[in-house]
Amino acid sequence: MQGPPVYVKVKVLEEESTSVFFMNEEEVKETIEIQPSMTQAGDTDEGNISILNKINYLSGPFQKQAYQPLQFVVEGQKVKGDIQRVQGNVLWIETDQDVKEIEIEKIEDILWRGQSFNTKI
């Protein structure tokens with residue numbers, strides 16, 4: 001059985017969006033403070049670049065939660081804690097007792113679960 005053809009008239013209306021989004025100033029300041037900054041290429045050697053890449057990766061919000069606890073080998077000693085903040089060539093590590101400030105150049109290795117942390121960056 002065939003019926004008569006059916007025609008549908010579609011009326012199209014153009015809609016204009018006027019949505020504007022502003023970031024909260026506090027969120028912007030937090031993001032700027034947490035973002036790791038790179039040192040000048042002439043100031044680092046290959047080992048420091050590797051450590052800096054690891055720190056940049058591990059300072060992300062998800063990575064801070066996923067890779068706990070971390071151990072930082074600093075001048076032959078292990079410091080256990082979480083990355084709190086990176087600014088310039090200084091890393092702040094939150095330990096059980098307090099927050100320690102460490103120069104990135106002094107970090108020899110970063111350990112996770114007792115082994116050297118390797119990134120696939």
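Contact of the V79 side chain with the K100 side chain is registered, since non-hydrogen atoms from C-beta on lie closer than 4.5 Å. For the pair F72/K80, no side-chain contact is recorded, criterion being any heavy-atom separation below 4.5 Å from C-beta on. Looking at heavy atoms from C-beta onward, V99 lies out of side-chain contact with I93 at the 4.5 angstrom threshold.
One distance of note links CG of L52 with CG of N89; it measures 9.5 Å at 0.5 Å rounding. Within the model, atoms CG of L91 and CD of E101 stand 9.5 Å from one another, a figure rounded to the nearest 0.5 Å. To the nearest 0.5 Å, atoms CD (Q68) and CD (Q63) are separated by 12.0 Å.
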Between L111 and K78, does a side-chain contact (heavy atoms from CB on, under 4.5 Å) hold up when you go through it step by step? CA-CA 9 Å; L111 307 175; K78 292 180 183 176; 3.8 Å; yes
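Note on D109 versus K54: salt bridge recorded, some NZ/NE/NH1/NH2 to OD/OE distance being below 4.0 Å.
No hydrogens or angles considered: nothing links the side chains of N56 and S59 as a donor-acceptor pair under 3.5 Å.
The backbone N or O of I110 lies less than 3.5 Å from no partner atom in the side chain of Q71, so there is not a single donor-acceptor pair. The closest donor-acceptor contact from the side chain of Q77 to the backbone of V73 lies at 3.5 Å or more, if one exists at all.
No path of Ile, Leu, Val, Met, Phe, Trp and Tyr side chains, each step under 4.5 Å between heavy atoms, connects I104 with W92, placing them in separate hydrophobic clusters.
A tilted orientation is assigned to the rings of Y67 and Y57, their planes being inclined by 30° to 60°.
Listed here is the closest heavy atom pair of D82 and L70: OD1-N, 4.4 Å. Closest heavy-atom contact between L58 and K64: O-CG, 3.6 Å.
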